[in-house]
Amino acid sequence: PFEGVAWTPRPPQGPPQGCFACIAKPPALRQASPVLSPSSAVYLMESKGCKGDSLRPAVPCKHSVEKKTMTNPTTVIEIYPDTTEVNDYYLWSIFNFVYLNFCCLGFIALAYSLKVRDKKLLNDLNGAVEDAKTARLFNITSSALATFCIILIFIFLRYPLTDY
C-alpha cells in the first residue's frame, strides 16, 4: 500500500527542549499541497513528530522568560497515606480483648480499631490515622500492663509472701 514512499530512519531522540508546558502542546500541522510526491509524503510523515522530536526546529521556550521574572513561588502538597496502608490493629485488639483485657483497655483498643475500619471505608484518612494511633497506644498499654501483671503473679506463686 505504500509503494513509492521512502522511509528514512529518525535520528536518536535527545532530552526534550523547553519546559513541560511547551513540550506537551502538539506541533502545528503545516498545510499539505494537493499533489503529494514521495519526498513530500516523507516530509509530512516526519513533521508530525511527537513530544521531544528531534526533527522539529528548536523553538525557545516562552515560559523561561516568565520563570526569570517570577518570584520563587512555593507549593505545599500534603501527601496522605493510601487507605490500604492505614493499619487498624484489629487482630491485636481482639487478642488483647480476649486474653489481656487489663482494666478494659483491650475493649477500648477494639473499639478504636473498628472506628479505623469505618473511617477507611468513608475515605476519612486523617481520622483513620488518628484513631489507628490511639488503637495502637491502647494495645501497647494493655499488652504491657497485662504482661507485667502476669509476671508478678508468677513471681508471687514461686515466692509466696509467707516466706518473708
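Both backbone and side-chain heavy atoms feed into the values below; hydrogens, waters and symmetry mates do not.
Using the six-membered ring where Trp is involved, Y99 and F95 have ring planes that are tilted, between 30° and 60° apart.
In this structure, the separation between CZ on F138 and CD1 on I108 is 5.0 Å, given to the nearest 0.5 Å. In this structure, E130 CD and K115 NZ are separated by 11.0 Å, a value rounded to the nearest 0.5 Å. In this structure, NZ on K133 lies 14.0 Å from OH on Y112, to the nearest 0.5 angstrom. The structure places CG of L152 at 11.0 Å from CG of L157, a figure rounded to the nearest 0.5 Å. The structure places CG of L122 at 14.0 Å from CZ of R117, a figure rounded to the nearest 0.5 Å. We find the CG-CG distance between N96 and N139 to be 4.5 Å, quoted to the nearest 0.5 Å.
In plain terms, the two heavy atoms of V116 and N87 that are nearest each other are CG1-O, 4.2 Å. When all heavy atoms of A128 and K120 are compared, the closest pair comes out as CB-CG, 4.1 Å.
No path of Ile, Leu, Val, Met, Phe, Trp and Tyr side chains, each step under 4.5 Å between heavy atoms, connects V86 with L91, placing them in separate hydrophobic clusters. In the hydrophobic clustering of ILVMFWY residues, with side-chain heavy atoms under 4.5 Å counting as a link, F148 and F154 come out apart. Linking ILVMFWY residues whenever their side-chain heavy atoms come closer than 4.5 Å, directly or via other members, leaves L137 and I94 in distinct clusters.
With hydrogens and angles disregarded, a donor-acceptor distance shorter than 3.5 Å links the side chain of S142 to the backbone of L100. With hydrogens and angles ignored, the 3.5 Å screen pairs a side-chain donor or acceptor of S113 with a backbone N or O of D88.
Counting only heavy atoms from C-beta outward, the side chains of L114 and Y90 approach each other to under 4.5 Å. The closest side-chain heavy-atom distance from L110 to W92 is not below 4.5 Å.
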